[in-house]
Every structure is written in structure tokens, then in C-alpha cells.
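Basis for what follows: all heavy atoms, side chains included, without hydrogens, waters or symmetry-related copies. Since the model is a prediction, treat every value here as computed from it, not as a measurement. Each ligand, and each atom within it, is numbered from 1 in the order the structure gives.
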Amino acid sequence: MALKTGRDYLESLRKLNMTIYLFGEKIENFVDHPVIRPSINSVARTYELALDERYRDLMTATSNLTGKTVNRFTHLHQSAEDLVRKVKMLRLLGQKTASCFQRCVGMDALNAIDTVTYEMDRKLGTNYHERFRRFATYVQENDLVVDGAMTDPKGDRSLRPSRQADPDLYLRVVRKNSDGIVVRGAKAHQTGAVNSHEICVMPTVAMTEEDRDYAVSFAVPSDTPGLLYIYGRQSCDTRKLEGSEIDVGNARYGGQEALVIFDDVFVPWERVFMCGEYQFSGALVERFAAYHRQSYGGCKVGVGDVLIGAAAVMAEYNGTAGASHIREKLIEMIHLNETLYCCGLACSSQGHRTPSGTYLVDLLLANVCKLNVTRYPYEIARLAEDIAGGLMVTMPSEKDFRHPEIGRYLEKYLKGVAGVPTEHRMRMLRLIENLTMGCAAVGYRTESMHGAGSPQAQRIVISRLANLDHKKKLARIIAGIDEEE
Ligand code: SF4
Ligand code: FE
């Protein structure tokens with residue numbers, strides 16, 4: 001069985017020789033860095049839960065490549081049921097970490113590249129699929145974390161990749177020889193990149209013939225020479241350096257994004273899955289995006305579960321739990337959260353088999369799922385802030401609370417209902433702050449907006465797939481204008 005433990009995962013990260021910068025400094029030991037470690041703990045949960053008997057059905061699958069039990073994050077979906085289990089797995093992990101656990105981008109990249117390379121080979125006579133499957137088998141056998149890297153910096157959004165003033169603003173092939181290719185460029189907002197063993201690159205938009213150097217997909221080990229990681233800041237991240245657990249809100253878990261620079265990185269042909277086949281770049285973008293838009297119908301719902309729970313506990317601590325408007329607000333939050341889950345399940349259960357045998361979600365429903373995700377977490381967060389009260393953003397620090405002289409004033413005046421320790425009330429307020437405007441808000445709010453594509457990207461797909469002409473025809477038939485065919 002190719003399953004690693006959480007401890008194995010941590011040890012495997014220590015062996016990587018990556019170049020990482022954070023706060024203007026080169027980080028030598030990123031695994032134990034207080035700002036980075038919570039994000040590693042989140043990924044480690046994807047390993048730990050896979051070895052927990054209670055979650056085995058969700059967290060593992062039987063590989064179609066090797067017949068062995070593999071972590072579902074490395075699996076190629078072989079049925080609509082696999083797609084449904086993926087969404088359930090992501091909800092579970094959202095509940096367990098209350099943050100982004102990062103490993104989904106690699107799973108979504110593996111599945112998208114699998115389907116596209118198969119169809120590309122059949123149409124163009126290329127030989128990418130076999131190579132890709134060897135890579136996928138290696139990922140499964142070694143239970144690796146893969147960063148699915150799509151988003152380029154994009155420079156002037158009105159210009160195509162090859163028309164940019166700086167040609168590197170989209171990642172491109174700068175040289176080719178008989179051994180492989182050399183690539184230059186960057187990938188932005190890379191979720192979990194520093195916590196990954198492999199970086200798996202895809203193009204970020206549909207390319208035309210003049211952009212063929214930009215139509216490139218490949219995978220390289222994350223410590224390949226020429227790769228540089230510049231760690232992204234998150235709101236309140238330096239609280240993790242203060243040594244006060246309460247103020248962090250979620251001290252154990254967190255998400256991670258980085259800017260990844262490819263400074264003339266060599267990729268052997270064995271690891272190249274697209275090189276110039278611009279005709280298939282659009283399909284790769286669309287499918288990766290669709291899988292990741294499905295993902296949000298799981299992970300955001302799991303984090304939403306924690307936020308709803310926190311709001312309900314806060315109402316108890318504040319003595320407002322019995323008020324009818326508070327109960328109504330909690331019901332509203334649950335309704336919104338479960339609606340997102342419905343969308344995640346719907347696009348999965350309506351998934352279909354592609355020619356490679358790998359299952360793809362229903363594209364229209366996956367985009368509807370994500371478009372709802374650009375709105376509902378904001379409303380859920382607004383209601384949580386409403387229930388929590390303003391103390392969430394005006395509360396003094398844990399150091400004041402622990403202070404030998406003034407601590408007793410906070411103990412006395414920050415008290416809610418008698419019987420609940422003041423510290424518990426502070427902890428719950430900080431958790432809600434973390435989820436709605438602290439580090440976890442990156443994943444729960446702004447990432448809900450822009451992750452897997454900004455809302456306009458979903459609207460474009462929805463307008464293309466909705467078949468409005470068919471709806472118009474239905475109306476004309478019912479109104480007696482057209483005959484039923
Ligand atoms: Fe996974 Fe959600 Fe994080 Fe994307 S935002 S990597 S789907 S946990
Ligand atoms: Fe994301």
C-alpha cells in the first residue's frame with residue numbers, strides 16, 4: 001500500500017532543497033517556520049485521515065493504474081461516485097482544518113491532464129498520455145503532493161501572451177533540444193507550492209497559433225534548479241510570530257500561497273505533457289477550472305461548517321442563543337452553506353466518462369457551483385460577524401489577558417454569560433476573526449472570489465453552455481408560436 005503517514009510527509013519535505021523567501025529573507029528550514037508550519041499541518045491531515053479507518057472510503061481509492069490503494073488526492077476519478085466522494089472528502093478536511101489544505105490543486109491537475117493528453121494524442125498523433133500516466137503512477141506510488149500550477153501573472157489583460165511588452169509574463173518555452181525544454185516565467189497565487197513535492201504546470205488561457213510557445217504543460221520536482229518561491233503574505237500572519245496562541249485564532253492550521261519563479265528551468269521530455277499544441281490548451285484550462293470549481297463545493301462547505309458552529313457557540317457565550325433573530329440567522333447560514341454542497345454534489349453525480357476513462361464533472365453545474373461560492377461565503381461571514389459582535393475586532397491581546405496586573409480587568413469585563421470562562425469567549429471570537437478577516441479569510445473569502453477563476457470566468461462558461469436557444473424554443477412552443485417537433 002502506497003500510503004504515507006503525516007510524519008513521513010513532514011520528513012519528505014525536510015529532504016527538499018527549495019529556494020524560498022519570506023519577509024525578505026531566505027528560509028533554510030521552512031518546515032519549522034512558525035508562519036509556514038500551520039499550512040504544512042493542513043496538508044499533513046490529508047495523509048493522517050487516509051490512515052484513519054473511519055475515513056478510508058472517502059480518503060482512499062483503488063488505483064486504475066496499479067490496482068493498489070492510493071490516497072484519493074492522487075487518484076484519477078473512475079466513476080461519478082469517485083467525483084462525489086472527492087467532494088465529501090474535501091468537506092471533511094475543511095471541517096478538520098478550518099483552512100485551505102492545498103492538496104486539491106494537484107488532484108485536479110492530474111485529472112485534467114489525463115483526459116486532455118489522451119484526446120490530444122488521438123487527434124494529433126502525439127505521445128503525451130503514456131508519459132503522463134507514468135508520472136501519475138509515480139505520484140501515486142510515492143503518495144506525493146502536487147502543485148497544480150495554472151495562473152500566470154498575465155501583465156496587460158487586454159493583450160495575448162505573445163503580445164505582452166515583457167514576453168515572460170506568461171510562462172513559455174525559451175529553448176528546446178533533444179533532451180528536453182527550458183521554460184521561463186512565473187505562476188502566481190500558487191496554493192501549497194512550498195509544501196509540494198512536484199510542480200505540475202498548465203497553460204492559463206486558451207492559446208492561438210502565435211502563442212504556441214506558451215501552450216506548455218509539464219511537471220518538475222519542486223526543488224529543481226531555477227525554481228524560486230516567494231511566500232505570499234496573509235492578513236495577520238505575523239501574529240504567528242508573537243507566541244500567543246489565542247490571538248492567532250486557528251493556531252494549528254492554515255493555508256499557503258506563493259509566487260513561483262521559473263528562471264530558465266530545464267524539463268526533460270519524459271516530463272513534458274504539452275509543447276506547442278495550442279489547440280488543446282483551452283480544453284486543459286476549462287477542465288482543470290471545472291474540477292477546481294467542483295472542489296469548492298466541498299472545501300468551502302467544510303470551513304463554513306466550522307464558521308457556523310463558531311457563530312452558534314458565540315451566541316451561547318453572549319447569552320443571545322434564544323433570540324429568534326439569531327436562530328433565523330443561523331438557519332440562513334446553514335441554508336447557504338448546504339446550497340453550495342448541493343452544487344458540489346450535483347456537478348459530481350452528473351459527471352461523465354471521458355475517452356481516457358477518467359470521469360469529468362458536469363461543466364455547467366461546476367461553474368454554477370463556483371459562481372455561488374463567489375457570493376455565499378461572504379454572506380455567511382457577514383452573518384457570523386453580526387452574531388459575534390464588535391468585540392471580535394476591538395479585543396485586547398492575549399498578552400494583556402495574561403498580564404499580572406491588568407489581566408484581571410479583561411477577565412472581569414470581557415465576560416459573557418456566567419459559567420463560560422472569559423478565555424473561551426476570547427478564543428471563539430479570535431476563531432471567527434481568523435475565518436472572516438484573518439489568515440483563513442484568504443481561503444474562505446477572497447479565494448472564494450478569485451480562486452479557480454474570477455466570477456466573470458464562470459459567467460462566460462455558463463453563457464456558453466446554457467443553450468439559451470433551446471429555452472427560447474421551449475417558450476415559443478408553449479406560447480403556441482412554434483410547433484413541437
Ligand atoms: Fe483545496 Fe479548497 Fe484549498 Fe482549493 S481552496 S486547494 S479546493 S482546500
Ligand atoms: Fe483554490
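- If you number the atoms of ligand 1 from 1 as listed, the ones under 4.0 Å from a heavy atom of K300 come out as 5 (S).
- Closest to atom 3 (Fe) of ligand 1 among all protein heavy atoms lies C100 SG, 2.3 Å.
- Judged as a side-chain contact (heavy atoms from CB on, under 4.5 Å), and not counting sequence neighbours, the contacts of R212 are E209, Y278.
- In this structure a side-chain-to-backbone donor-acceptor pair under 3.5 Å is present from S63 to T66.
- Set against the non-hydrogen atoms of Y296, the atoms of ligand 1 under 4.0 Å away are 4 (Fe), 5 (S), 7 (S).
- Between the side chains of N367 and R293, at least one donor N or O sits under 3.5 Å from an acceptor N or O.
- Counting the atoms of ligand 1 from 1 in the order shown, those under 4.0 Å from a heavy atom of S295 are 7 (S).
- The number of heavy-atom neighbours closer than 6.0 Å to CZ of R56, taken from other residues, nucleotides and ligands shown, is 12 or below.
- Of all the heavy atoms of C299, the ones lying under 4.0 Å from any atom of ligand 1 belong exclusively to the side chain.
- Here is the list of ligand 1 atoms found below 4.0 Å of a heavy atom in F101: 8 (S).
- Under a 4.0 Å criterion applied to the non-hydrogen atoms of H292, ligand 1 contributes the atoms 4 (Fe), 6 (S), 7 (S).
- For atom 1 (Fe) of ligand 1, the nearest non-hydrogen atom of the protein is C104 SG, 2.2 Å.
- Distance alone, capped at 3.5 Å, is enough to place a donor-acceptor pair between the N111 side chain and the H77 backbone.
- In this structure, the protein non-hydrogen atom closest to atom 5 (S) of ligand 1 is E447 OE1, 2.7 Å.
- Ligand-side atoms of ligand 1 in range of T191: 6 (S), range being under 4.0 angstrom from any heavy atom.
- Y341 carries R91 over the face of its six-membered ring, with the cationic atom under 6.0 Å from the centre and within 45° of the normal.
- For the pair R271 and F132, the cation does not sit on the ring face, since its NZ or CZ is not both under 6.0 Å from the ring centre and inside 45° of the axis.
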